[in-house]
Novice: 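Structure in structure tokens, see below.
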Amino acid sequence: MAGTAEERARHWQYEELPGVDLLRARYIRKEFVRHTHEHFVIAAITEGVEVFHHGGSDQYAGPGALALVNPDTPHTGRAGVPEGWRYGAVYPAPELVAEIAGETTGIRGTPGFVSPVLDDPYAVGLVHQVLRAADEGNALAADTLLRVAVTRLLRLNGGALPQRQVRTAGARTAARARAVLEERMAEPPSLERLAADLGSSPFALLRAFRDVYGMPPHTWLTDARVRRARRLLDAGTTPAQAAVAVGFTDQSHLSRHFSRIVGVPPGAYRRERKNVQDTRSRIFLPSTAWQNGQLSQTYAPTAQESPTPPSYGTPSASGSPSDSPGSPSG
């Protein structure tokens, strides 16, 4: 990693792992703005250090550690050392994690992670094995190892998530404001107009919204727009069309924010989704990489599997929001 300034990232899906996003990345200058995910984040660090603001303080994850973020939890991300950080990540849907927790743990209620950082080189290896199996088209190994990894992390660092209660008048106003912004995403009102329509003052609404959702309304709106744009891109919408549909001025505007939240430009993100659709007619052959008892070692607590060096396919474009060298930066 040292001695190069190149950043690479690939954000993709494997059709045999429904409800799971996959990522391999090598970042140096990348800075993720405050955002949330609808899915869990399980990021396995192999080189360097990632720093992410979570729960009111900076968290540090280095080699052999995992950054663990529950759904709808605001956080950021940046390099903690000059050479940046390299990692692989899986993003399982809450429904899948709940299913696994119900089968393999005693957690009651909505399962989640207790600590945002866990030192566990073995689990780091499992995450990278999931990514490798997905690359090789080995559905049995990918699904098995993902479930083993999630089970292990829940047993070591899992618990029931507290239920968010909307009780105070300010919290109810914040929830109503969020509903308005979701409905009027492409043409949102000003803070003053939004507060007046809800019978509040601008600063009272701002404080209440931050207390409930961990970020001010305009930051939440950008995050929500990127989420909706992702769904449109998943469905085959072009980045230019998605940008206008969610309220960005143009594709470069979407690209700038998309890259700072998702980690790759929207064009690269959409191409990977198209690749998933194109592979549905393919027949995958068994992968020899998973022969000779690989899976029999899965539960061994002292097993160490060196993650395969990632095959990065797409520049992360953290230095530029464009999807290609010829695109305008906006």
Side-chain angles (χ1 to χ4, degrees), residues 9 11 21 23 25 27 30-43 50-56 58-59 67-78 89 91-94 112 116 161 164 166 171 173-191 194 205-235 237 239 242-270 273 316-318 321 330:
H11 194 296
D21 282 343
L23 175 72
Y27 294 130
K30 168 72 73 179
E31 290 191 13
F32 289 91
V33 298
R34 196 163 182 79
H35 65 285
T36 62
H37 294 277
E38 294 177 294
H39 289 192
F40 283 87
V41 179
I42 301 175
E50 180 186 12
V51 183
F52 59 106
H53 196 77
H54 176 287
D58 283 342
Q59 307 291 331
L68 304 171
V69 182
N70 296 319
D72 297 315
T73 301
H75 62 286
T76 62
R78 59 181 172 83
Y91 302 80
L161 295 178
R164 177 178 290 163
V166 181
T173 300
R176 291 167 59 201
R178 172 174 169 161
V180 171
L181 294 176
E182 286 179 334
E183 183 178 352
R184 300 178 56 184
M185 185 172 292
E187 297 181 352
S190 67
L191 178 63
L194 179 61
L205 175 58
L206 181 60
R207 287 192 298 269
F209 203 97
R210 278 177 167 167
D211 288 344
V212 176
Y213 299 111
M215 60 183 77
H218 70 279
T219 303
W220 181 91
L221 178 61
T222 298
D223 190 34
R225 281 173 167 172
V226 169
R227 282 192 184 190
R228 188 170 294 181
R230 286 184 63 176
R231 297 191 193 103
L232 293 173
L233 295 171
D234 289 343
T237 304
V244 174
V246 302
F248 289 116
T249 55
D250 53 26
Q251 181 175 339
S252 64
H253 190 198
L254 166 65
S255 185
R256 182 165 64 252
H257 292 291
F258 197 97
S259 296
R260 295 169 68 194
I261 289 176
V262 181
V264 297
Y269 177 92
R270 181 174 180 265
R273 267 55 186 172
S316 73
S318 67

Novice: Shortest non-hydrogen contact from Tyr213 to Pro74?
Specialist: O-CG, 3.4 Å

Novice: Check for a donor-acceptor pair, side chain of Tyr27 on one end and backbone N or O of Gly263 on the other, with a separation under 3.5 Å.
Specialist: yes

Novice: Quick one: list whatever passes salt bridge (Lys or Arg N to Asp or Glu O under 4.0 Å) with Asp211, sequence neighbours left out.
Specialist: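 Asp211 satisfies salt bridge (Lys or Arg N to Asp or Glu O under 4.0 Å) with no residue once adjacent residues are dropped.
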
Novice: Taking Pro216's backbone N and O only, do any of them form a donor-acceptor pair with His218's side chain (distance below 3.5 Å, no angle check)?
Specialist: no

Novice: Kindly write out the residues that satisfy side-chain hydrogen bond (donor to acceptor under 3.5 Å, both in side chains) with His53, not counting sequence neighbours, or none if the list is empty.
Specialist: Asp58

Novice: Could you tell me which non-hydrogen atom of Leu254 sits nearest to which non-hydrogen atom of Pro239, and how far apart they are?
Specialist: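 Of all heavy-atom pairs spanning Leu254 and Pro239, the closest is CD2-O, 3.5 Å.
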
Novice: So Phe32 and His35, would you call those rings parallel, tilted or perpendicular, with 30° and 60° as cut-offs?
Specialist: tilted

Novice: Quick one: OG1 on Thr237 to CZ on Arg273, what's the gap to the nearest 0.5 Å?
Specialist: 13.5 Å

Novice: How would you list, by chain and number, every residue that makes a salt bridge (Lys or Arg N to Asp or Glu O under 4.0 Å) with Arg260, sequence neighbours excluded?
Specialist: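 So Arg260 forms no salt bridge (Lys or Arg N to Asp or Glu O under 4.0 Å) with any residue.
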
Novice: Applying side-chain hydrogen bond (donor to acceptor under 3.5 Å, both in side chains), name anything that partners Asp223, two or more places apart in sequence or on another chain.
Specialist: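 With neighbours one apart ignored, the set is Thr36.
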
Novice: For Arg225 versus Val246, what's the shortest heavy-atom pair and its separation?
Specialist: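 Closest pair (atom of Arg225, atom of Val246, distance): NE-O, 3.0 Å.
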
Novice: At their closest point, which heavy atom of His39 faces which heavy atom of Pro92, and how far apart are they?
Specialist: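 For His39 and Pro92, the tightest heavy-atom pair comes out as CB-O, 3.3 Å.
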
Novice: I'd like to know if Arg256 pairs up with Asp250 as an ion pair, taking the criterion as any Lys NZ or Arg NE/NH1/NH2 lying under 4.0 Å from an Asp or Glu carboxylate oxygen.
Specialist: no

Novice: For Gly77, does its backbone N or O pair with a side-chain atom of Lys30 as donor and acceptor, under 3.5 Å?
Specialist: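 No; judged by distance alone, with no hydrogens or angles, the pair does not exist.
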
Novice: With ring centroids as reference points, do Phe248 and Phe258 lie under 6.0 angstrom apart?
Specialist: no

Novice: Identify which one of Val180, Leu181, Thr222 satisfies the side chain to side chain contact (heavy atoms under 4.5 Å, CB included) criterion when paired with Pro217.
Specialist: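 Output: one option passes, namely Leu181.
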
Novice: Decide whether Asp234 and Tyr269 meet the rule of one side-chain donor and one side-chain acceptor closer than 3.5 Å.
Specialist: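 Side chains of Asp234 and Tyr269: pair found under 3.5 Å.
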
Novice: Find out whether Arg184 and Leu194 are in side-chain contact, i.e. whether some heavy atom of one side chain is under 4.5 Å from a heavy atom of the other.
Specialist: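 When only atoms from C-beta onward are counted, Leu194 and Arg184 do not touch, as no gap falls below 4.5 Å.
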
Novice: For Tyr91, enumerate each residue passing the ring pair (Phe, Tyr, Trp, His ring centres under 6.0 Å) test, keeping only those at least two apart in sequence or located in another chain.
Specialist: His11, His37

Novice: Going by side chain to side chain contact (heavy atoms under 4.5 Å, CB included), name the residues that satisfy it together with Thr249, two or more places apart in sequence or in a different chain.
Specialist: His253

Novice: Could you work out, with side chain to side chain contact (heavy atoms under 4.5 Å, CB included) as the rule, every residue matching Leu161, not counting sequence neighbours?
Specialist: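 For Leu161, the residues satisfying side chain to side chain contact (heavy atoms under 4.5 Å, CB included) (neighbours in sequence not counted) are Asn70, Thr110.
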
Novice: List the steps, then state whether side chain to side chain contact (heavy atoms under 4.5 Å, CB included) holds for Leu68 with Ile42.
Specialist: CA-CA 5 Å; Leu68 304 171; Ile42 301 175; 3.9 Å; yes

Novice: Scan for salt bridge (Lys or Arg N to Asp or Glu O under 4.0 Å) pairs involving residues 34-43, sequence neighbours excluded, and state none if there are none.
Specialist: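 Of all non-adjacent pairs touching residues 34-43, those that pass salt bridge (Lys or Arg N to Asp or Glu O under 4.0 Å) are Glu38-Arg227, Glu38-Arg231.
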
Novice: Using the side chain to side chain contact (heavy atoms under 4.5 Å, CB included) criterion, which residues pair with Ala245? Sequence neighbours excluded.
Specialist: Leu232

Novice: Sequence neighbours excluded, which residues qualify as side chain to side chain contact (heavy atoms under 4.5 Å, CB included) partners of Ala43?
Specialist: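 With sequence neighbours excluded, Ala43 shows a side chain to side chain contact (heavy atoms under 4.5 Å, CB included) to Val41, Ala67, Tyr87, Ala89, given in chain and number order.
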
Novice: Under the rule for side-chain hydrogen bond (donor to acceptor under 3.5 Å, both in side chains), what residues qualify as partners of Arg228, not counting sequence neighbours?
Specialist: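 Applying side-chain hydrogen bond (donor to acceptor under 3.5 Å, both in side chains) to Arg228 gives none.
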
